[in-house]
A.B. asks: 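Below you will find the structure I want to go over with you.
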Amino acid sequence: MKDKKKWIIGISACVLLIVSVFFVFNQGKSNEQVVTEYFELLKKKDYKQMYQMLNTKTVYTPTQKYFVEKYKEFYEEIDAKNIQIKILDEQDNVIEYLIYIDTLAGRITYRNKVGVKNEQIQFNKELIMDGYTDGCKIKITTYNPEKRGRILDRNGKVLAEDGKGYSVGLVKGKLNGENDYGQIAQYLETDVETLQKKMSASWINDDSFVPIKTVSEATKNDLINKNILGINGVKISTVSIRTYPYDKVASHIVGYVQNVNAEDLKKHKNEGYNSISVIGRSGIEAAYEEKLRGITSGKIDLVDKNDKVIKELCHKEVKMSPQDITLTIDIDLQQSLV
């Protein structure tokens, strides 16, 4: 009888233990775990899986297409990295958190609250971004240093620096059609087909100045003496150019710069380059691009459809102005060996 009683007590204890373990492991995720998981998916840019975590029965839940497009637009445009959240408080199934987002223009930090129900996120617009409203967008403004750093020899002689050049171009509305293209092409050492191609760009209006060739001051004076400005529609404007006083003597070391192309803009997206920027293409100009160019400053704003600022999200000041690079070569010695 006693053995039977012990056996019953033992069985009961095991059942109780199993029930307790089952209860512990089937409580589900805590609200904090759900919110943390949501932002872990954001770090991975898994926007579709984030959407699957939403409670679609809340007052406002966007479509999956809208949700994914907006997250992708915002977070990839600002080059979001090192996303972190800190849970601050929880009351009545509402989690208050602080989020940190490193971007190309500094760190975005803001607080938000989000409801959690049945292990699902109750969507609100500020989950996407601080101050978010329908129709808003990200606006990134960058400020580039005005001048590029110089390249010097060991005695301080300038091998490369920003200087003044002259852009010879055409104003479509003042030209005599294409009748003078042959003469203009001869002056600028190009061909008629090149002129026709440049002048056929879709952005050109009758009063647009279309740059054809950048020349030095000496070449500009020579063209003026040859009366190039006597041709209707030809105009010369002053532009900033990179000058190399020792030209071919040091070109194999110094290298050169060029206007950026589509590949450059894609590779250096959000680094402040635009269609009229130059970039080091070879030699010291390329190897020390960041130091010569300097680090840009910038800010990220949330703006409405009319570009009116809703909120400044972050701002980064210039951390490094363009720097001169001093080489170990002696340019006079180099010249004597040529």
Side-chain angles (χ1 to χ4, degrees), residues 35-54 60-86 97-112 114 121 123-145 203 259-279 289-290 293-320:
V35 173
T36 301
E37 183 180 327
Y38 181 85
F39 286 103
E40 284 298 318
L41 292 171
L42 177 58
K43 292 179 186 179
K44 299 174 184 177
K45 300 180 180 179
D46 193 348
Y47 310 125
K48 289 183 178 179
Q49 194 58 43
M50 289 167 65
Y51 189 83
Q52 297 307 311
M53 292 188 68
L54 299 185
Y60 170 76
T61 302
T63 64
Q64 179 173 308
K65 181 180 178 182
Y66 180 90
F67 178 90
V68 171
E69 284 179 354
K70 281 302 173 183
Y71 260 107
K72 186 173 182 180
E73 174 190 335
F74 275 47
Y75 282 79
E76 296 187 13
E77 184 73 14
I78 65 178
D79 193 21
K81 296 176 181 176
N82 304 321
I83 300 170
Q84 302 173 45
I85 66 159
K86 180 180 180 181
Y97 65 89
L98 184 64
I99 185 167
Y100 306 92
I101 309 165
D102 288 339
T103 76
L104 59 96
R107 173 172 279 191
I108 296 174
T109 304
Y110 71 96
R111 292 181 181 225
N112 188 30
V114 59
I121 296 287
F123 180 81
N124 66 67
K125 295 175 183 179
E126 293 209 350
L127 274 170
I128 298 179
M129 186 56 66
D130 189 21
Y132 182 89
T133 60
D134 288 332
C136 70
K137 57 186 178 180
I138 290 290
K139 181 178 181 180
I140 300 171
T141 307
T142 54
Y143 307 95
N144 300 317
W203 60 268
N259 284 96
V260 295
N261 55 35
E263 186 179 338
D264 295 321
L265 292 174
K266 183 177 180 180
K267 181 179 179 181
H268 299 281
K269 183 182 178 183
N270 297 326
E271 292 181 22
Y273 291 92
N274 55 46
S275 60
I276 61 171
S277 297
V278 297
I279 191 170
E289 170 67 14
E290 186 174 282
R293 182 172 182 265
I295 297 176
T296 62
S297 63
K299 65 173 183 171
I300 299 176
D301 292 318
L302 195 67
V303 300
D304 64 17
K305 61 182 181 181
N306 298 314
D307 268 2
K308 183 180 179 181
V309 176
I310 299 170
K311 190 179 189 72
E312 182 180 280
L313 298 174
C314 63
H315 186 103
K316 180 177 74 174
E317 298 292 341
V318 173
K319 291 185 177 179
M320 186 179 80

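Just so we're clear, the structure is a prediction, and the values are computed from it rather than from any experiment.
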A.B. asks: Working to the nearest 0.5 Å, report the span between NE2 of H268 and CD of E263.
C.D. replies: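 It comes to 9.0 Å.
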
A.B. asks: Return the minimal non-hydrogen interatomic distance between A105 and C314, and the atom names on each side.
C.D. replies: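 Nearest pair, atom of A105 first, then C314: O-SG, 3.4 Å.
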
A.B. asks: Please round to the nearest 0.5 Å and tell me the distance separating atom CD1 of I128 and atom OH of Y75.
C.D. replies: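 Answer for the CD1-OH pair, I128 versus Y75, is 8.0 Å.
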
A.B. asks: Is there a side-chain contact between R293 and V278 in this structure, where contact means two heavy atoms from C-beta onward sitting under 4.5 Å apart?
C.D. replies: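 No, too far: nothing below the 4.5 Å cut-off.
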
A.B. asks: Around K125, counting heavy atoms of other residues, nucleotides and ligands shown, do more than 12 lie under 6.0 Å from its NZ?
C.D. replies: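 For K125, atom NZ is crowded (more than 12 foreign heavy atoms under 6.0 Å).
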
A.B. asks: Apply side-chain contact (heavy atoms from CB on, under 4.5 Å) to the pair K311 and D301, showing each step before the final yes or no.
C.D. replies: CA-CA 6 Å; K311 190 179 189 72; D301 292 318; over 6 Å; no

A.B. asks: Any side-chain heavy atom of D130 sitting closer than 4.5 Å to one from L313?
C.D. replies: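 Contact flag for D130/L313 side chains = yes.
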
A.B. asks: Quick one: pull up OH in Y110 and OH in Y97 and give me the separation to the nearest 0.5 Å.
C.D. replies: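 With rounding to 0.5 Å, OH (Y110) is 4.5 Å from OH (Y97).
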
A.B. asks: Would K70 and E73 pass as an ion pair if we require N to O under 4.0 Å?
C.D. replies: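 Yes, K70 and E73 are salt-bridged.
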
A.B. asks: Restricting to non-hydrogen atoms, name the atom on R107 and the atom on Y100 that form the minimum distance, rounded to 0.1 Å.
C.D. replies: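 Where R107 meets Y100 most closely, the heavy atoms are NH1-CD2, 3.6 Å.
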
A.B. asks: Kindly indicate, with the supporting measurements, whether the criterion side-chain contact (heavy atoms from CB on, under 4.5 Å) is fulfilled by I279 and D264.
C.D. replies: CA-CA 8 Å; I279 191 170; D264 295 321; 3.9 Å; yes

A.B. asks: What pair of heavy atoms forms the shortest contact from T133 to C136, and how long is it?
C.D. replies: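 Of all heavy-atom pairs spanning T133 and C136, the closest is O-SG, 2.9 Å.
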
A.B. asks: Is there a side-chain contact between K72 and K45 in this structure, where contact means two heavy atoms from C-beta onward sitting under 4.5 Å apart?
C.D. replies: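 No, side chains not in contact.
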
A.B. asks: Show, in sequence, the C-alpha distance, side-chain angles and deciding distance for V303 and I138, and conclude whether the side-chain contact (heavy atoms from CB on, under 4.5 Å) test is met.
C.D. replies: CA-CA 6 Å; V303 300; I138 290 290; over 6 Å; no

A.B. asks: Are L302 and V309 close enough that some pair of their side-chain heavy atoms sits under 4.5 Å apart?
C.D. replies: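 Side-chain contact under 4.5 Å: no.
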
A.B. asks: When you look at Y60 and D134, which way does the side-chain contact (heavy atoms from CB on, under 4.5 Å) test go after all the steps?
C.D. replies: CA-CA 12 Å; Y60 170 76; D134 288 332; 3.6 Å; yes

A.B. asks: I need the minimum non-hydrogen distance between A80 and I101, along with the two atoms involved.
C.D. replies: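 Heavy-atom minimum between the residues: CB-CG2, 3.7 Å.
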
A.B. asks: Just verifying a value: how many Å separate Y47 OH and F67 CZ, rounded to the nearest 0.5 Å?
C.D. replies: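 Answer for the OH-CZ pair, Y47 versus F67, is 10.0 Å.
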
A.B. asks: Can you name the closest pair of heavy atoms from D304 and K137 and give their distance?
C.D. replies: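 Closest approach of D304 to K137, heavy atoms only: O-CE, 3.9 Å.
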
A.B. asks: Taking the side chain as C-beta and beyond, is there a heavy-atom pair between I121 and V35 under 4.5 Å?
C.D. replies: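 Yes. Closest side-chain heavy atoms under 4.5 Å.
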
A.B. asks: More than 12 non-hydrogen atoms from neighbouring residues, nucleotides or ligands closer than 6.0 Å to CD on Q84, yes or no?
C.D. replies: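 Check passes, neighbour count above 12.
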
A.B. asks: Looking at CD1 of I99 and CG of L42, how far apart are the two atoms once the value is rounded to the nearest 0.5 Å?
C.D. replies: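 Those atoms lie 6.0 Å apart.
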
A.B. asks: Is the shortest heavy-atom distance from the side chain of K139 to the side chain of I300 under 4.5 Å?
C.D. replies: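 Heavy-atom side-chain distance check fails, nothing below 4.5 Å.
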
A.B. asks: Of all the heavy-atom pairs spanning Y38 and L54, show the shortest one and how long it is.
C.D. replies: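 Closest pair (atom of Y38, atom of L54, distance): CE1-CD2, 4.0 Å.
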
A.B. asks: Hey, could you give me the CG/CG distance between L41 and D46, rounded to the nearest 0.5 Å?
C.D. replies: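 The CG atom of D46 is 5.5 Å from CG of L41, to the nearest 0.5 Å.
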
A.B. asks: Test side-chain hydrogen bond (donor to acceptor under 3.5 Å, both in side chains) on N124 and N112; report intermediate values, then the result.
C.D. replies: CA-CA 9 Å; N124 66 67; N112 188 30; 3.2 Å; yes

A.B. asks: Just wondering, do I140 and E77 contact through their side chains at under 4.5 Å, heavy atoms?
C.D. replies: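 A side-chain contact exists here, since the closest heavy-atom pair is under 4.5 Å.
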
A.B. asks: How about E126 and V114: do any of their side-chain heavy atoms sit closer than 4.5 Å?
C.D. replies: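 No, too far: nothing below the 4.5 Å cut-off.
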
